Structures are given as C-alpha cells and as structure tokens.
Amino acid sequence: MTRPPKILVFDSGLGGLTVFSEIIKLRPGADYVYCADDAGFPYGSWKEPELVARVVSVMETLLAAHAPDMAVIACNTASTLVLPHLRDRWPHLPFVGTVPAIKPAAERSRSHLISVLGTPGTVARDYTQNLIAQFAAHCRVTLVGSATLARIAEARMQNGGVCDEDIAAEIAPCFVEQDGRRTDAIVLACTHYPLLVEDFRRLAPWPVDWIDPALAIARRADQLLRERGFEETFAATGSARAVFTSGKKPDAQLRAMLARFGLVAG
C-alpha cells in the first residue's frame, strides 16, 4: 500500500484510549478515528439484544462516514457479545476485539488464584466462562463484576475527581486468600480499568500482577494490517480525531485530555 491505513477505534467511552495509545505507538503514521459512544455509555448495564442492536447500528454509521481499513473494538463488554455480529455483517473488514486476558493471567500466576475484574456483563458472559475452561482450568478464578468502576474512570479522565474508598471497595473482592496462597494476578477485563491502575496498585492489600491486554491488541492490529499489505511505516504522524455519538462538543478540559493522547476533538 502507498497510503497509510485508516483505523477506527471504538469504545463506549474513554476507556478505549488505553488501547489506542498502544496502537499508535506501533503505527504512528496511520490515520485514526476514535469513537466514544457516550450516548450509550455505560454498556455494562445494557441487555444483550439491545446492546447488539446498538453497536451494530452505531458501527454502520461510523463505517459509512469514515470508511476505515480496520475497526478495533476497544471494549470487553461489546467484544464478548457483538464481534460475531459485526464480522457477519461486514465480512471483508477486519475487526480486532478486546477479550479478557485470562490465558496470560493463568500462565503467569504462581498461586493459581486469579481474578477477573470487569463489568457485570463481561464476567457473566459465556465467552468468559469458555476462556476460563480452556485456559485456566487449573486455577481458582474469582469473577468480580463492578457496576461503577467504568464511571469512576470516566470521571477521572474528565475532571480528575475520584474517591479512594469507592475504588478500594470495588477491587476488594478480587483479593482472595486460600490455604496459605493469595491472589497474584488480576485481569483488567474492561479497557477503562487501566486508567485507574495506579490507584489499584496504591489501594491493593498486597501486590499483584494487573493484566492489561492493550499491547497484545495493538500487536494483533499491526499484524492484520501487515497481512493486508500495509507494511510501510510512514515517517510522518497521521491524523487522529475523536468523535462522540452524543454530538456534544467536549469542554476545554476534555479537549486538553484528548490532546495528550494526540487526538483532536471533532
């Protein structure tokens, strides 16, 4: 290819920036559209049929408007449910999903006590249970569904205000002690949660390995682009803009935060 690829990165809110920031390191010359479905946020509380319809509808609008070469679904809740529908609907467009990093957590754990911290929908989904059966059958896996951490992460990104007590209460069930062993690996099964990982480390009752899949997702996206002929790494920095499904114009603080990621709003 003689042109840079256009990559659509999609999430319910700002959590997908954790994935976007890793992709742009590998592909700084690509053109990016980051879409936050803030009109539908948060996804964790949606019923499954309605969420499928929502994401497919929003994606149809985005693909028509931006014609990307790849779409990255930087959201565990959407990926574990909607990816098959997206791939069936647009079979010629590569979709890269975000699923709980249970395999690497099970491989790294020495205590064989691991936890999966996600939204209620993600931890309850059959997809997650299948990953556990396939890759972590030798571990005790604690599933922790938080209905509030994504909102807390959004608040952190937009105005910086978070409450230590609220965060500590949400992560507390992840820490399990059994027969002299302790949880030593926690899967961050929501792309919003790495935005709070420094708070998690500070408030954790003991040190653990917090598993963030963002780099693995970025490598997968890069691999698929190469397979499609986008081999060249362009020296120039590509364009990168953020759009919001609500149509609201970001305030100055949000624009400044997006700029730190290299994104222009609008």
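What you see is a predicted model, and the numbers here were worked out from it, not measured in a lab. Heads up: numbering here begins at 1 and tracks the sequence.
- Here the side chains of Glu22 and Arg219 are not in contact, with every heavy-atom distance at 4.5 Å or above.
- Contact detail for Cys174 and Ser115: the closest heavy-atom pair is O-OG, 2.6 Å.
- Remark: the backbone N or O of Gln253 is paired with a side-chain donor or acceptor of Asp251 at under 3.5 angstrom.
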Steps toward side chain to side chain contact (heavy atoms under 4.5 Å, CB included) verdict (Arg228, Asp69): CA-CA 9 Å; Arg228 290 186 164 244; Asp69 298 295; over 6 Å; no
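- Under the 3.5 Å distance criterion, the side-chain polar atoms of Thr98 are matched with a main-chain donor or acceptor of Ile73.
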Stepwise salt bridge (Lys or Arg N to Asp or Glu O under 4.0 Å) check, Lys47 with Glu50: CA-CA 6 Å; Lys47 294 181 179 179; Glu50 287 82 359; 5.8 Å; no
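- Heavy-atom minimum distance, Asp38 versus Lys248: OD2-CE, 3.9 Å.
- Note: the hydrophobic cluster containing Val197 also contains Leu203 (ILVMFWY, side chain heavy atoms under 4.5 Å, direct or indirect links).
- Val123 has its side chain out of reach of Val144: every pair of non-hydrogen atoms, C-beta onward, lies at least 4.5 Å apart.
- In summary, the side chains of Thr119 and Thr77 do present a donor paired with an acceptor at a separation below 3.5 Å, with no hydrogens or angles considered.
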Side chain to side chain contact (heavy atoms under 4.5 Å, CB included) evaluation trace for Phe200 with Leu149: CA-CA 11 Å; Phe200 294 166; Leu149 276 177; 4.1 Å; yes
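- The distance from atom CG of Leu17 to atom CG of Asp11, rounded to the nearest 0.5 Å, is 8.0 Å.
- By the rule that hydrophobic residues join a cluster once side-chain heavy atoms approach within less than 4.5 Å of another member, Phe95 and Val19 end up as members of separate clusters.
- Seen from the ring of Trp206, Arg182 counts as a face-on cation partner, given the 6.0 Å and 45° thresholds.
- A continuous path of ILVMFWY side-chain contacts below 4.5 Å connects Phe175 to Tyr193, so both sit in one hydrophobic cluster.
- Smallest separation of non-hydrogen atoms from Asp164 and Arg202: OD2-NH1, 2.9 Å.
- In terms of modelled atom types and a separation under 3.5 Å, the side chain of Asp31 and the main chain of Ser239 share a donor-acceptor contact.
- Between Tyr43 and Phe10, the ring planes lie tilted relative to each other; the angle falls in the 30° to 60° range.
- The OG atom of Ser79 lies 7.5 Å from the CD1 atom of Ile217; values are rounded to the nearest 0.5 Å.
- The shortest distance between side-chain heavy atoms of Arg140 and Thr142 falls below 4.5 Å.
- Residues Gln223 and Arg220 bring a donor and an acceptor atom of their side chains to less than 3.5 Å of each other.
- Residues Ala265 and Arg255 share a closest heavy-atom pair of CB-CG, 4.2 Å.
- With a 6.0 Å radius and a threshold of 12 heavy atoms from other residues, nucleotides or ligands, Tyr127 has its OH atom at or below the threshold.
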Pair Cys35-Val9, side chain to side chain contact (heavy atoms under 4.5 Å, CB included): steps then yes or no: CA-CA 6 Å; Cys35 177; Val9 182; over 6 Å; no
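- Side-chain atoms of Asp222 do not come within 3.5 Å of backbone N or O of Leu26 as any donor-acceptor pair.
- With rounding to the nearest 0.5 angstrom, the CD1 atom of Ile114 is 9.0 Å from the OG1 atom of Thr183.
- Considering CE of Met157 and CG of Leu14, their distance stands at 5.5 Å, rounded to 0.5 Å.
- Here Ser109 contributes atom OG and Ile102 contributes atom CD1; the two are 13.0 Å apart, rounded to the nearest 0.5 Å.
- Side-chain contact check for Ser12 and Asp37: no donor-acceptor pair (N or O, by modelled atom type) lies under 3.5 Å.
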Step-by-step side-chain hydrogen bond (donor to acceptor under 3.5 Å, both in side chains) determination, Asn76 to Thr122: CA-CA 7 Å; Asn76 284 264; Thr122 295; 5.7 Å; no
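- Under a hydrophobic-cluster definition in which Ile, Leu, Val, Met, Phe, Trp and Tyr are linked whenever side-chain heavy atoms come within less than 4.5 Å, directly or via other members, Met70 and Met59 are assigned to different clusters.
- Side-chain contact between Val116 and Leu188 is absent, with no heavy atoms from C-beta onward closer than 4.5 Å.
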From CA spacing to verdict: salt bridge (Lys or Arg N to Asp or Glu O under 4.0 Å), Arg108, Asp209: CA-CA 8 Å; Arg108 296 184 200 178; Asp209 191 3; 3.2 Å; yes
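- Ile24 and Val96 fall within a single hydrophobic cluster, where Ile, Leu, Val, Met, Phe, Trp and Tyr are joined by side-chain heavy atoms under 4.5 Å apart, directly or via other members.
- In this structure, Glu107 and Phe135 have side chains that are not in contact, with every pair of non-hydrogen atoms separated by 4.5 Å or more.
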Arg241/Tyr32 under side chain to side chain contact (heavy atoms under 4.5 Å, CB included): CA gap, chis, key distance, verdict: CA-CA 6 Å; Arg241 63 192 184 103; Tyr32 293 91; over 6 Å; no
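- The residues Arg151 and Glu154 are annotated as not salt-bridged, no charged nitrogen and carboxylate oxygen being separated by less than 4.0 angstrom.
- Nearest approach of Arg54 to Ala39, heavy atoms of both residues: NH2-CB, 3.5 Å.
- In summary, the aromatic rings of Phe41 and His192 are positioned with their centroids under 6.0 Å apart.
- Of all heavy-atom pairs spanning Ala221 and Val72, the tightest one is CB-CG2, 4.5 Å.
- Annotation: the span from Ile7 atom CD1 to Tyr34 atom OH amounts to 14.0 Å, rounded to 0.5 Å.
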